[in-house]
Amino acid sequence: MVTIDLNADLGEGFGRWTLTDDEALLTVVTSANVACGFHAGDPSTIRRVCELAAERGVRIGAQVSYRDLAGFGRRSMEVPRRELADEIVYQLGALDLFARSAGTAVAYLKPHGALYNRVVWDQEQAGAVVDALLAHRRADGRALPVLGLPGSALLAAAEAAGLPVVAEAFADRAYTAQGTLLPRTEPGAVLHDPDAVVARAVRMARDGEVVAADGSLITVRAGSLCVHGDTPGAAALALRVREALVAAGVGVEAFV
């Protein structure tokens, strides 16, 4: 039986401002990418999401980013490798303390926004993420898995360092013919038609393929499928995706 993890970005609020419907999404997803305070997420929000995730058996991942609250982490930045690694370790440590206080622990790392896209091709910044993972160890001494785009510099660097990797696909984002995400500045980069998102999710999970923005068919082999938490109606859309996957004979469970 084909199985796939279903993840979403959570905890993306700050103070009185909220963006993601964390409680509803945590009834659907199997993994939660929790904002660690650099692009979104304040301490109380992080604590609450960790507690809810622990109660519902949802795996917690650190969604690390550039230090860019004003830009929601979607502006690429020139950060020296050592400094970027330190900032990622800082985010990991903060989230892990909240996760442990909720009776669980951080289970993986996923870059956010501009950092996610940058480490697809930037060897130095991809190396910084790997440096951070090597510096931050789980209670059992093992390094965290990293969630990223298939074929990216990040996953290649992580594998070279002996780290576990999980390839990710996006149900609600358009792809280029090269298998990268179409930049958000381009028309049609984010899919808003629920039927199209659901159909793409099933095709990627079951058949390992997706139609790119130029109409070409590309291979997408992934262990985790993302539905963005900041999409309007994200919880209802994630539920439709999960139900469609199950109906198509695809098991939905957290990746190993």
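This one's a predicted model, so the numbers in the text were calculated from it and none came from an experiment. In this chain, residues are counted from 1 in sequence order. The analysis underlying the following values was restricted to heavy atoms, covering all of them including side chains, and did not include hydrogens, waters or symmetry mates.
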Asks: Is there a path of hydrophobic side-chain contacts, each under 4.5 Å between heavy atoms of I/L/V/M/F/W/Y residues, joining Val89 to Val130?
Replies: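 No, separate clusters.
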Asks: Compute whether any side-chain donor of one residue and acceptor of the other, for Gln63 and Tyr108, lie under 3.5 angstrom apart.
Replies: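 Not at all, the side chains of Gln63 and Tyr108 share no donor-acceptor pair under 3.5 Å.
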Asks: Hydrophobic clustering (ILVMFWY, side-chain heavy atoms < 4.5 Å, transitive) - are Met77 and Val119 grouped together?
Replies: yes
Asks: Could you tell me whether Phe38 and His112 have their ring centroids closer than 6.0 angstrom?
Replies: no
Asks: Tell me if the CD atom of Glu23 is crowded by more than 12 foreign heavy atoms within 6.0 Å.
Replies: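 Open: at most 12 neighbouring heavy atoms sit under 6.0 Å from CD of Glu23.
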Asks: Could you tell me whether the side chain of Thr30 reaches within less than 4.5 Å of the side chain of Arg59, counting heavy atoms only?
Replies: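 Contact flag for Arg59/Thr30 side chains = no.
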Asks: For Arg173, enumerate each residue passing the side chain to side chain donor-acceptor pair (under 3.5 Å) test, keeping only those at least two apart in sequence or located in another chain.
Replies: none
Asks: Which distance, rounded to the nearest 0.5 Å, do you find between the CZ of Arg47 and the CG of Leu97?
Replies: 14.0 Å
Asks: State which residues pass side-chain contact (heavy atoms from CB on, under 4.5 Å) with Ala53; sequence neighbours excluded, sorted by chain then number.
Replies: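 With sequence neighbours excluded, Ala53 shows a side-chain contact (heavy atoms from CB on, under 4.5 Å) to Leu26, Val58, Ile60, given in chain and number order.
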Asks: Using side chain to side chain donor-acceptor pair (under 3.5 Å) as the criterion, list what pairs up with Thr180, not counting sequence neighbours.
Replies: Thr176
Asks: Are Ile218 and Val210 packed together at the side-chain level, in the sense that at least one heavy-atom pair is separated by less than 4.5 angstrom?
Replies: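 Yes - at least one pair of side-chain heavy atoms lies under 4.5 Å apart.
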Asks: Do you know the tightest heavy-atom contact between Ala201 and Leu225?
Replies: CB-CD2, 3.6 Å
Asks: Using a strict threshold of under 4.0 Å (side-chain N to carboxylate O), is an ion pair present between Arg118 and Glu78?
Replies: yes
Asks: Might you point out which heavy atoms bring Ala177 and Ser216 nearest each other, and give the distance in Å?
Replies: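 Scanning both residues, the minimum pair turns out to be CB-OG, 3.7 Å.
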Asks: Taking all non-hydrogen atoms of both residues into account, name the closest pair between Gln91 and Cys36 and its distance.
Replies: CB-CB, 3.6 Å
Asks: Keeping to residues at least two apart or across chains, list the ring-ring contact (aromatic ring centres under 6.0 Å, His included) pairs with something in residues 175-199.
Replies: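 Listed by first then second residue: nothing to list.
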Asks: Taking only residues two or more places apart in sequence, or in another chain, which ones meet Arg75 in a salt bridge (Lys or Arg N to Asp or Glu O under 4.0 Å)?
Replies: Asp68
Asks: Following the transitive rule for hydrophobic clusters with a side-chain heavy-atom cut-off under 4.5 Å over Ile, Leu, Val, Met, Phe, Trp and Tyr, establish whether Ile88 and Leu147 coincide in one cluster.
Replies: no
Asks: Using the test salt bridge (Lys or Arg N to Asp or Glu O under 4.0 Å), find all partners of Glu168 that sit at least two apart in sequence or belong to another chain.
Replies: Lys110
Asks: Do the side chains of Val202 and Leu6 join up, straight or via other hydrophobic residues, at under 4.5 Å, putting them in one cluster?
Replies: yes
Asks: Between Asn7 and Ser31, is any side-chain donor less than 3.5 angstrom from a side-chain acceptor?
Replies: no
Asks: Can you sort out the partners of His136 under ring pair (Phe, Tyr, Trp, His ring centres under 6.0 Å), two or more places apart, ordered by chain and number?
Replies: none
Asks: Let me check something: any side-chain donor-acceptor pairs from residues 233-256 under 3.5 Å, sequence neighbours excluded? List them with distances.
Replies:
{"residue": "Arg240", "atom": "NH1", "partner": "Asp195", "partner atom": "OD1", "Å": "3.2"}
{"residue": "Arg240", "atom": "NH2", "partner": "Asp195", "partner atom": "OD1", "Å": "2.8"}
{"residue": "Arg242", "atom": "NH1", "partner": "Val28", "partner atom": "O", "Å": "2.4"}

Asks: Residues two or more places apart in sequence or in another chain: which of them pass salt bridge (Lys or Arg N to Asp or Glu O under 4.0 Å) with Glu55?
Replies: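 Per chain and number, Glu55 pairs via salt bridge (Lys or Arg N to Asp or Glu O under 4.0 Å) with no residue.
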Asks: Phe14: what forms a ring pair (Phe, Tyr, Trp, His ring centres under 6.0 Å) with it, not counting sequence neighbours?
Replies: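 With sequence neighbours excluded, Phe14 shows a ring pair (Phe, Tyr, Trp, His ring centres under 6.0 Å) to no residue whatsoever.
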Asks: Between Ser76 and Asp122, is any pair of side-chain heavy atoms under 4.5 Å apart?
Replies: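 No, every pair of side-chain atoms sits at 4.5 Å or beyond.
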Asks: At what distance, to the nearest 0.5 angstrom, does OG of Ser65 lie from CD of Glu87?
Replies: 9.0 Å
Asks: Please table the atom pairs, donor to acceptor, closer than 3.5 Å between any side-chain atom in residues 149-162 and protein atoms at least two apart or in another chain.
Replies:
{"residue": "Ser152", "atom": "OG", "partner": "Leu149", "partner atom": "O", "Å": "2.8"}
{"residue": "Ser152", "atom": "OG", "partner": "Leu155", "partner atom": "N", "Å": "3.2"}

Asks: Using side-chain heavy atoms (C-beta onward) and a distance below 4.5 Å, is Thr18 in contact with Thr45?
Replies: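 Side chain of Thr18 against side chain of Thr45, heavy atoms only: no contact under 4.5 Å found.
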Asks: Just do the side-chain contact (heavy atoms from CB on, under 4.5 Å) check on Asp86 and Asp131 with the steps written out, would you?
Replies: CA-CA 9 Å; Asp86 288 344; Asp131 292 345; over 6 Å; no
Asks: Do Asn33 and Leu10 have side chains that approach each other closer than 4.5 Å (heavy atoms only, starting at C-beta)?
Replies: no
Asks: Strictly distance-based, threshold 3.5 Å: is any side-chain N or O of Asp172 a donor or acceptor partner for the main-chain N or O of His228?
Replies: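 Flag set: sc Asp172 to bb His228 pair under 3.5 Å.
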Asks: Roughly how far, to the nearest 0.5 Å, is the CG atom of Leu144 from the CG atom of Leu92?
Replies: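 Taking CG in Leu92 and CG in Leu144, the distance rounds to 6.0 Å.
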Asks: Does any part of the side chain of Arg221, heavy atoms only, come nearer than 4.5 Å to the side chain of Thr219, both counted from C-beta?
Replies: yes
Asks: Is any side-chain heavy atom of Glu12 closer than 4.5 Å to a side-chain heavy atom of His39?
Replies: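 Contact flag for Glu12/His39 side chains = yes.
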Asks: So which atom in Ala171 and which in Val197 form the shortest heavy-atom distance, rounded to 0.1 Å?
Replies: O-CG1, 3.7 Å
Asks: Would you mind reporting whether Met204 and Glu209 have side-chain heavy atoms less than 4.5 Å apart?
Replies: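 Side chain of Glu209 against side chain of Met204, heavy atoms only: no contact under 4.5 Å found.
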Asks: For the hydrophobic clusters of this structure (ILVMFWY residues joined by side-chain heavy atoms under 4.5 Å, transitively), does one cluster hold both Val64 and Tyr90?
Replies: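 Cluster IDs for Val64 and Tyr90 differ.
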Asks: What's the shortest heavy-atom distance between Ala85 and Ala128, and which atoms?
Replies: CB-O, 3.5 Å
Asks: Taking it one step at a time, do Val34 and Val106 satisfy side-chain contact (heavy atoms from CB on, under 4.5 Å)?
Replies: CA-CA 10 Å; Val34 182; Val106 175; over 6 Å; no
Asks: Decide if the gap between the ring center of Phe72 and the ring center of Tyr66 is smaller than 6.0 angstrom.
Replies: no
Asks: Please find the pair of heavy atoms, one from Ala189 and one from Pro183, that lie closest to each other, and give the distance.
Replies: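 That would be CB-O, 3.1 Å.
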Asks: Before you tell me yes or no, could you show the steps for Arg206 and Val2 under side-chain contact (heavy atoms from CB on, under 4.5 Å), namely the whole-Å CA-CA distance, both residues' side-chain angles and the distance that decides it to 0.1 Å?
Replies: CA-CA 7 Å; Arg206 185 185 60 196; Val2 176; 5.8 Å; no
Asks: With sequence neighbours excluded, what pairs up with Asp22 under the salt bridge (Lys or Arg N to Asp or Glu O under 4.0 Å) test?
Replies: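 Here no residue qualifies.
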